[in-house]
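Down below is the structure, laid out as structure tokens.
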Amino acid sequence: MDDHADLFKALGDGTRRLILDGLAEKDGQTLFEICGRLTMRHNLASSRQAISQHLAVLEQAGLVRSRRQGRYKFHHIDTSRLRSIVERWPIDREEPEL
Amino acid sequence: MRINITSVYVDDQAMALAFYTDKLGFTKKTDEPAGGARWLTVVSPAEPDGTELLLEPEGHPAARTYKEALVADGIPFTQFAVDDVHAEVERLKGLGVEFTQDATDFGPVVTAVLDDTCGNLIQLATMK
């Protein structure tokens, strides 16, 4: 059974959530652009190497996919795995009766 | 002390000269034979006596490895100032120039990153 452990671990870090925010805003970014956004918009001082490792965790969890285009590498967000969360705990359309 | 020259390693000097003049709009300043290659520099027409950009051949085997690693991660080799990044991106795209990062607002600065076709990425910047 898939316990989604890697998914929740990937989402359990603030920097990784900011990376996903950035890719949701503009999909398909190089490592340089991802780092630029984190530094300039969120004043985050992580090294490129650290961000690279965060991307590897996100990629392992299936939330980010990297694509080689010619000599460049672009990163894309993939939210399809998040569906498994609401399938596991469905969101009721009606307000729950308490 | 002042900075009179800076350089980019290019894989082909003739191609580099064409790109940096025809596309980016720099003008040729010096072109002298030097050790089997050329001492080849361009300047901005806005500052003909300003800092020269040396289009330097990749003389060292490590240069290519270094450049490829930078390009893969989208890291620019150097940066040029423009009055309006958005307009410049549009102009250059019209000339077939490829960008790895479109004009992006970073608060005090707007930047974009282009491919110089000689193995480097170049950042364009407009300070607000």
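We name chains A, B, ... by the order of the sequence lines, and we start the count at 1 in each one.
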How about [atom1] on [X], more than 12 heavy atoms from neighbouring residues, nucleotides or ligands closer than 6.0 Å, or not?
X: K73(A); atom1: NZ; result: no
X: Q79(B); atom1: CD; result: yes
X: D22(B); atom1: CG; result: yes
X: N4(B); atom1: CG; result: yes
X: R68(A); atom1: CZ; result: yes
X: R91(B); atom1: CZ; result: yes
X: F19(B); atom1: CZ; result: yes

- Task: For the pair F32(A) and L121(B), evaluate side-chain contact (heavy atoms from CB on, under 4.5 Å) and give the outcome as yes or no after the intermediate values.
- Result: CA-CA 11 Å; F32(A) 176 75; L121(B) 299 177; over 6 Å; no
- Message: Working to the nearest 0.5 angstrom, can you tell me the gap between K26(A) NZ and T104(B) OG1?
- Response: 5.5 Å
- Query: chain B heavy atoms under 4.5 Å from R37(A): which part of the residue, side chain, backbone, both or neither?
  - Reply: both
- Please name the pair of heavy atoms, one in F106(B) and one in M40(A), separated by the smallest distance, quoted to 0.1 Å. O-CE, 3.4 Å
- Heaviest contributor of heavy-atom pairs below 4.5 Å to chain A, chosen from D102(B), D115(B), T111(B), is D115(B)
- Item | For chain A, the option from G107(B), A72(B), G119(B) that forms the most heavy-atom pairs under 4.5 Å | A72(B)
- Passes side chain to side chain donor-acceptor pair (under 3.5 Å), Y72(A) versus D73(B)? Steps please. CA-CA 7 Å; Y72(A) 334 119; D73(B) 283 337; over 6 Å; no
- Task: List the steps, then state whether side-chain contact (heavy atoms from CB on, under 4.5 Å) holds for Q29(A) with T100(B).
- Result: CA-CA 8 Å; Q29(A) 295 181 40; T100(B) 61; over 6 Å; no
- Would you check if the side chain of R41(A) reaches a backbone N or O of D105(B) as a donor-acceptor pair within less than 3.5 Å? yes
- Task: Check the pair K67(B), R71(A) against side-chain contact (heavy atoms from CB on, under 4.5 Å), reporting the backbone distance first and the verdict last.
- Result: CA-CA 10 Å; K67(B) 285 170 63 178; R71(A) 292 171 298 117; over 6 Å; no
